[in-house]
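Following: one structure in structure tokens, then a few remarks.
Indexing begins at 1, ligand by ligand and atom by atom, following the structure's order. Below, all heavy atoms of this structure are taken into account, side chains as well, without hydrogens, waters or symmetry copies. Numbers here simply count residues along the sequence, with the first being 1.
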Amino acid sequence: MPTPLKVAVIGAGLCGLVAARELEREGHEVVVLEKSHRLGGVWVYDPRTESDLLGIDPDREIIHATIYKSLRTNSPRQIMGFSDYMLGGKVYGDPRMFPGHQEFLSYLEDFADAFGVTKLIRFNSEVTRVELLDSGNEFVVEWKKNGMSLTEVFDAVVVCNGHNSQPRAALDIPGILEWAKKQLHAHNYRVPEPFQDQVVVIIGNESSAHDISRELATVANEVHLSSRSPNVKGLKLENYNNVWQHAKIDRVFKDGTVKFQDEVPIKVDTIIHCTGYEFHFPFLKTNGIVTIDDKHVSPTYGSVFPPQLAPRLSFVGLFYKGMTFLPAELQSKWIARVLSGKISLPSETEMLCAVEQVYQEMKEKEIPKSDTHSLNFKMDYIDWLSDQLKIARPPQKFRDFYAHFIERYRKDNEGFREKFEEDVLLCDEIVAE
Ligand SMILES: Cc1cc2nc3c(=O)[nH]c(=O)nc-3n(C[C@H](O)[C@H](O)[C@H](O)COP(=O)(O)OP(=O)(O)OC[C@H]3O[C@@H](n4cnc5c(N)ncnc54)[C@H](O)[C@@H]3O)c2cc1C
Ligand SMILES: *[C@@H]1O[C@H](CO)[C@@H](O)[C@H](O)[C@H]1NC(C)=O
């Protein structure tokens with residue numbers, strides 16, 4: 001492949017920014033197309049919410065922002081930031097170990113400026129089509145800007161449009177679509193005030209469910225968490241006089257009652273679905289080569305390259321449940337170096353076989369499709385990427401720090417931030433590089 005290549009990066013969130021930096025470093029000609037007027041993706045707080053609060057109607061006005069006003073990071077600063085520019089030593093006004101979202105955004109803006117990425121971004125440019133040309137060597141990329149439709153041909157496309165904006169509500173709960181009271185997905189939760197004195201049900205068992213329930217406990221009358229995990233018993237939570245944990249919801253009724261498994265129905269004002277997001281690439285036209293099914297984007301070699309279109313089409317950031325900065329940076333370096341010919345990929349057939357083998361193993365172990373790109377809070381994938389790049393795997397100190405953090409995170413899904421800060425203060429051993 002001739003270098004430098006002309007590469008389009010779709011999205012100027014965390015992943016698009018680091019992809020652009022790494023591509024530039026490899027000498028490629030980079031254009032970042034960003035639909036919003038500013039960079040930062042999900043870290044740009046927007047008080048607006050969508051017209052369809054569950055995010056079902058495809059014609060609703062889409063709001064990319066997904067964070068609530070009080071959101072603090074759920075990972076400590078020590079593991080955030082890109083190499084040569086870690087967040088650890090930088091403070092933009094909120095020095096806490098788990099800072100508020102504004103700190104994260106300031107960091108991303110600063111990073112983009114420091115590495116000359118901001119000037120590569122074409123803002124207000126929403127990509128509507130990415131399609132391989134008949135030649136097989138180039139992609140046509142089409143985007144909307146100020147009501148106009150523009151197209152340009154690129155040698156390669158890196159998809160970084162994020163996957164925390166298309167709600168995945170719990171629509172399979174019997175009666176949920178007929179439920180007459182208010183319901184929303186966490187994507188459209190911003191502040192607690194509208195839930196004053198209400199009885200609120202929160203579906204989910206991840207960060208957003210715990211953060212939002214904790215926040216609502218201060219204003220709502222009652223907060224009821226519901227989890228699908230097996231063996232969950234209904235009980236009142238310690239340290240709260242108005243928060244309960246329940247098993248899954250059996251069904252909901254038109255009159256606003258909710259029936260949890262093994263319990264009598266209760267009257268509820270609002271249901272909040274903290275049930276995650278769908279992967280969504282509405283612009284990608286690959287003639288069926290790449291398919292998306294239940295968060296499973298396939299086939300993708302190393303969760304990055306669809307073998308038949310490699311290395312010209314790639315994804316950064318399909319992963320979740322784990323670190324963000326490090327895997328995004330390693331994926332970006334891998335793509336940039338493969339495109340410049342410094343690293344070669346296995347043949348298409350070999351990659352397809354490898355991918356098939358991974359999917360087969362998942363089937364045998366009964367791992368759900370939706371876990372394909374999950375990091376499971378482990379380092380395996382990061383090590384694998386380091387090996388592809390032929391660089392050292394993360395050092396032991398860093399691994400220990402991360403393992404300690406994850407242990408805390410899992411044990412205290414509510415107070416893990418405070419508890420981990422305490423751990424670090426008490427124990428000199430837990431210090432990341
Ligand atoms: C509630 C919440 C809390 C989180 N907390 C943490 C945390 O504490 N620490 C951490 O490391 N990670 C956290 N994450 C993970 C978070 O997803 C990553 O930090 C990171 O923001 C992912 O970046 P991204 O670039 O993949 O996606 P995004 O941030 O979503 O950026 C995608 C960009 O693509 C643009 N875009 C989308 N479609 C198009 C299109 N068609 N054309 C042009 N542009 C387009 C969007 O406007 C956006 O700017 C959290 C996520 C959520 C939802
Ligand atoms: C939440 O998920 C964790 C695993 O991540 C599990 O150990 C715990 O039991 C779950 N809690 C509830 C209430 O579902």
Next on the checklist: So, 4.0 Å and heavy atoms of Cys160: is ligand 1 close enough to count as a contact?
Outcome noted: yes
Checklist entry - What atoms in ligand 1 come closer than 4.0 Å to a heavy atom of Trp43? => result 4 (C), 5 (N), 6 (C), 7 (C), 13 (C), 14 (N), 18 (C), 19 (O), 20 (C), 21 (O), 50 (C)
Next on the checklist: So is Gly317 touching ligand 1 or not, going by heavy atoms under 4.0 Å?
Outcome noted: no
Next on the checklist: Any nitrogen or oxygen of Ser165, side chain or backbone, less than 3.5 Å from one on ligand 1?
Outcome noted: no
Next on the checklist: Taking distance alone, with N or O pairs closer than 3.5 Å, would you say Ile67 contacts ligand 1?
Outcome noted: no
Item to check | Residue, atom name and distance, where the atom is the protein heavy atom closest to atom 47 (O) of ligand 1 | outcome: Glu34 OE2, 2.6 Å
Next on the checklist: Is there a polar contact between ligand 1 and Phe325, counting only N or O atoms under 3.5 Å apart?
Outcome noted: no
Checklist entry - Between Tyr189 and Phe195, is the gap from one ring center to the other below 6.0 Å? => result yes
Next on the checklist: Can a side-chain donor-acceptor contact be found between Asn164 and Thr66 if the only test is distance below 3.5 angstrom?
Outcome noted: no
Checklist entry - Backbone, side chain, both or neither: what part of Val44 comes under 4.0 angstrom of ligand 1, heavy atoms only? => result neither
Next on the checklist: Just to confirm my output: which protein heavy-atom neighbour is closest to atom 27 (O) of ligand 1, and how far is it?
Outcome noted: Gly162 CA, 3.2 Å
Checklist entry - Does the pair Arg25/Asp84 count as a salt bridge with the N-to-O cut at 4.0 Å? => result yes
Checklist outcome for this item: Of all protein heavy atoms, the one nearest atom 17 (O) of ligand 1 is Asn164 ND2, 2.8 Å
Checklist entry - Hey, is Thr73 touching ligand 1 through its side chain, its backbone, both or neither, going by heavy atoms under 4.0 Å? => result both
Next on the checklist: Check for me whether Arg408 meets the cation-pi criterion with Phe420, that is, NZ or CZ under 6.0 Å from the six-membered ring centre and within 45 degrees of the ring axis.
Outcome noted: no
Checklist entry - Is atom 5 (O) of ligand 2 close to the protein, meaning a heavy atom under 4.0 Å from it? => result no
Checklist entry - Any side-chain donor-acceptor pair under 3.5 Å between Glu26 and Ser340? => result yes
Checklist entry - Heavy atom under 4.0 Å from ligand 1: found in Ser208's side chain, backbone, both, or neither? => result neither
Checklist entry - Looking at atom 3 (C) of ligand 1, what's its closest protein heavy atom, distance included? => result Leu71 CD1, 4.0 Å
